[in-house]
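Heads up, the thing below is written out as structure tokens.
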Amino acid sequence: MQELEEYSDSDELYEHYRIVCDPKQTLLRIDKFLMDRLPNVTRSKLQTAIKDGFVKVNDGLVKPNYKVHPGDEIIIALPEPPKESEVVPENIPLNIKYEDDHLLVVEKPAGMVVHPAYNNWTGTLVNALAYHFEQLPEMPGNTGRPGLVHRIDKDTSGLLVIAKTEKAMTGLAKQFFDHSIDRTYTAMVWGIPKEEMGTINSPLGRHPKDRRIVTVVEEDNGGKHAITHYSKIEDLRYVSLIECRLETGRTHQIRAHMKSIGHPLFNDVTYGGDKVLKGAKFSKYTSFVDNCFKIMPRQALHAKSLGFIHPVTTEKLYFESELPEDFVAVIEKWRHYVQYN
């Protein structure tokens with residue numbers, strides 16, 4: 001039985017389909033094979049994607065004349081179809097950490113949506129980019145998301161790289177597709193992980209009863225390969241600071257993975273971190289936690305660092321971002337509480 005799986009819920013915007021060929025599949029050119037199975041994709045577009053390295057067979061690159069074999073696993077990276085194409089430019093300030101002729105790195109505040117979507121058509125990072133920059137590139141079929149090659153959640157703060165040219169967009173998208181981008185996040189989680197460092201290698205997929213939530217799902221049931229490496233930064237008795245390094249980029253990956261090992265993010269409403277999960281529930285302590293929730297009314301997650309190869313100059317670039325004020329304030333309150341209670 002042939003499997004066609006969509007990858008439309010990844011933080012990277014280009015990894016979309018996984019096809020496992022039937023055991024009785026006859027030999028057939030891959031461009032012809034894919035054209036018959038993917039919606040609204042021309043053969044020339046597929047050939048270009050194959051030549052540019054956005055199609056992998058059994059985790060390796062192939063040529064357009066490659067003939068598929070029984071059991072082949074094919075991963076295809078194509079632009080995600082937008083829900084809405086019109087972007088209204090808005091004069092929203094941008095915190096630009098780096099900029100050259102080809103790309104820029106911005107720091108997104110918590111509360112800002114990356115691109116227009118249902119219930120968030122204005123006030124997004126893309127609306128701001130449309131105002132400050134003219135003619136940012138868009139991958140064909142990805143109209144309405146100029147410059148974007150990845151995203152972070154609305155209530156996650158931190159670093160994003162934006163493409164200013166077609167060459168930069170293609171080069172950055174390829175690095176995300178190859179999982180060669182270096183990304184670390186700082187998170188506050190409930191509880192103290194037993195190990196100083198660890199790796200969570202658990203496939204993720206949408207929850208069968210609530211599509212807003214991502215959970216561990218076996219690959220046989222549609223789960224997508226997902227790996228998070230974490231290390232403990234600071235033990236704060238009932239919560240801890242950790243660093244997470246993403247090897248893959250699934251939607252809500254850190255939030256879902258940390259919950260899966262019993263350490264949901266502090267004040268993560270979606271994943272159950274918005275209540276007292278560790279510590280005795282006496283009034284002084286619960287009031288303290290409630291005050292922390294008010295100071296940082298969002299999940300405690302910050303995209304701390306971003307490293308990649310410049311797609312034009314081939315220079316290795318690396319950027320770090322300071323924790324925002326709300327995150328720092330909550331850490332300081334926890335340190336004070338642990339010291340004096």
Side-chain angles (χ1 to χ4, degrees), residues 7 9-12 15 110 150-158 179 181-281 285-286 289 292-293 296 298-305 323 327 330-331 334-335 337-338:
Y7 278 74
D9 58 355
S10 168
D11 279 349
E12 292 105 16
E15 185 174 304
H150 68 131
R151 56 195 168 200
I152 56 179
D153 294 336
K154 173 184 176 182
D155 289 326
T156 298
S157 53
H179 305 308
I181 299 285
D182 180 17
R183 287 181 288 173
T184 65
Y185 290 71
T186 300
M188 177 182 282
V189 301
W190 280 105
I192 314 299
K194 294 179 182 178
E195 306 294 335
E196 290 297 315
M197 58 182 59
T199 295
I200 307 170
N201 186 352
S202 301
L204 296 174
R206 294 292 180 180
H207 193 285
K209 295 183 179 179
D210 187 347
R211 298 290 293 171
R212 298 170 301 171
I213 298 174
V214 172
T215 189
V216 173
V217 177
E218 293 304 317
E219 290 188 3
D220 291 345
N221 293 322
K224 301 173 180 66
H225 179 62
I227 297 178
T228 304
H229 305 281
Y230 67 89
S231 58
K232 191 161 44 178
I233 299 173
E234 186 173 356
D235 180 336
L236 293 169
R237 191 183 301 169
Y238 303 124
V239 298
S240 55
L241 283 178
I242 62 170
E243 178 183 273
C244 293
R245 181 171 65 83
L246 291 182
E247 189 168 319
T248 55
R250 306 302 175 198
T251 291
H252 298 183
Q253 179 171 315
I254 292 172
R255 300 164 68 187
H257 265 170
M258 295 311 299
K259 177 180 174 64
S260 75
I261 63 169
H263 299 289
L265 267 59
F266 185 78
N267 208 14
D268 189 340
V269 176
T270 304
Y271 292 92
D274 60 331
K275 56 184 71 70
V276 177
L277 298 180
K278 299 291 180 180
K281 296 181 181 179
Y285 175 63
T286 55
V289 174
C292 289
F293 286 160
M296 185 166 54
R298 62 174 180 108
Q299 69 261 11
L301 186 62
H302 178 70
K304 174 72 173 173
S305 72
L323 290 175
F327 210 141
V330 168
I331 292 171
W334 274 98
R335 286 172 179 161
Y337 184 88
V338 169

Quick one: pull up [atom1] in [X] and [atom2] in [Y] and give me the separation to the nearest 0.5 Å.
{"X": "Met258", "Y": "Leu265", "atom1": "CE", "atom2": "CG", "result": "7.5 Å"}
{"X": "Asp155", "Y": "Met296", "atom1": "CG", "atom2": "CE", "result": "11.0 Å"}
{"X": "Tyr185", "Y": "His302", "atom1": "OH", "atom2": "NE2", "result": "10.0 Å"}
{"X": "His179", "Y": "Glu247", "atom1": "NE2", "atom2": "CD", "result": "8.0 Å"}
{"X": "Ser157", "Y": "Leu301", "atom1": "OG", "atom2": "CG", "result": "7.5 Å"}
{"X": "His257", "Y": "Thr248", "atom1": "NE2", "atom2": "OG1", "result": "6.5 Å"}

Worksheet entry | side-chain contact (heavy atoms from CB on, under 4.5 Å) between Asn201 and His225, intermediate numbers included | CA-CA 8 Å; Asn201 186 352; His225 179 62; 4.1 Å; yes
Item to complete: Hey, can you tell me if Phe266 and Trp334 have their rings parallel, tilted or perpendicular (30° and 60° cut-offs)?
Response: perpendicular
Quick one: does [X]'s side chain have a donor or acceptor within less than 3.5 Å of a partner on [Y]'s backbone?
{"X": "Asp268", "Y": "Thr270", "answer": "yes"}
{"X": "Gln253", "Y": "Ile227", "answer": "yes"}
{"X": "Lys232", "Y": "Ile192", "answer": "no"}

Discussion item. Can you give me the closest heavy-atom contact between Ser260 and Ile200, atom names plus distance?
Written reply: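 Heavy atoms only, the tightest pair is OG-CG2, 4.2 Å.
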Worksheet, complete the sentence: Closest non-hydrogen atoms of Leu277 and Gly273, given as atom of the first, atom of the second and distance, are CD1-CA, 4.2 Å
Looking at side-chain heavy atoms only, is the closest gap between [X] and [Y] below 4.5 Å?
{"X": "Lys224", "Y": "Leu204", "answer": "no"}
{"X": "Tyr230", "Y": "Val189", "answer": "no"}
{"X": "Ser240", "Y": "His263", "answer": "no"}
{"X": "Thr228", "Y": "Thr199", "answer": "no"}
{"X": "Arg298", "Y": "Asn267", "answer": "no"}

Worksheet item: So among Met188, Lys154, Arg255, which one has a side chain to side chain contact (heavy atoms under 4.5 Å, CB included) with Gln299?
Response: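 Among Met188, Lys154, Arg255, the one meeting side chain to side chain contact (heavy atoms under 4.5 Å, CB included) with Gln299 is Arg255.
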Worksheet item: Which is it for His252 and Tyr271 under the side-chain hydrogen bond (donor to acceptor under 3.5 Å, both in side chains) test, yes or no, and what are the steps along the way?
Response: CA-CA 10 Å; His252 298 183; Tyr271 292 92; 2.7 Å; yes
Item to complete: Could you go through the side-chain contact (heavy atoms from CB on, under 4.5 Å) check for Arg245 and Asp182 one step at a time?
Response: CA-CA 8 Å; Arg245 181 171 65 83; Asp182 180 17; 4.0 Å; yes
Discussion item. Between Lys275 and Trp190, does the side-chain contact (heavy atoms from CB on, under 4.5 Å) criterion hold? Intermediate values first, please.
Written reply: CA-CA 10 Å; Lys275 56 184 71 70; Trp190 280 105; over 6 Å; no
Worksheet entry | side-chain contact (heavy atoms from CB on, under 4.5 Å) between Val289 and Tyr337, intermediate numbers included | CA-CA 10 Å; Val289 174; Tyr337 184 88; over 6 Å; no
Discussion item. So for atom NZ, which belongs to Lys278, do other residues, nucleotides or ligands contribute more than 12 heavy atoms lying within a distance under 6.0 Å?
Written reply: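 No, the 6.0 Å shell around NZ holds no more than 12 heavy atoms from other groups.
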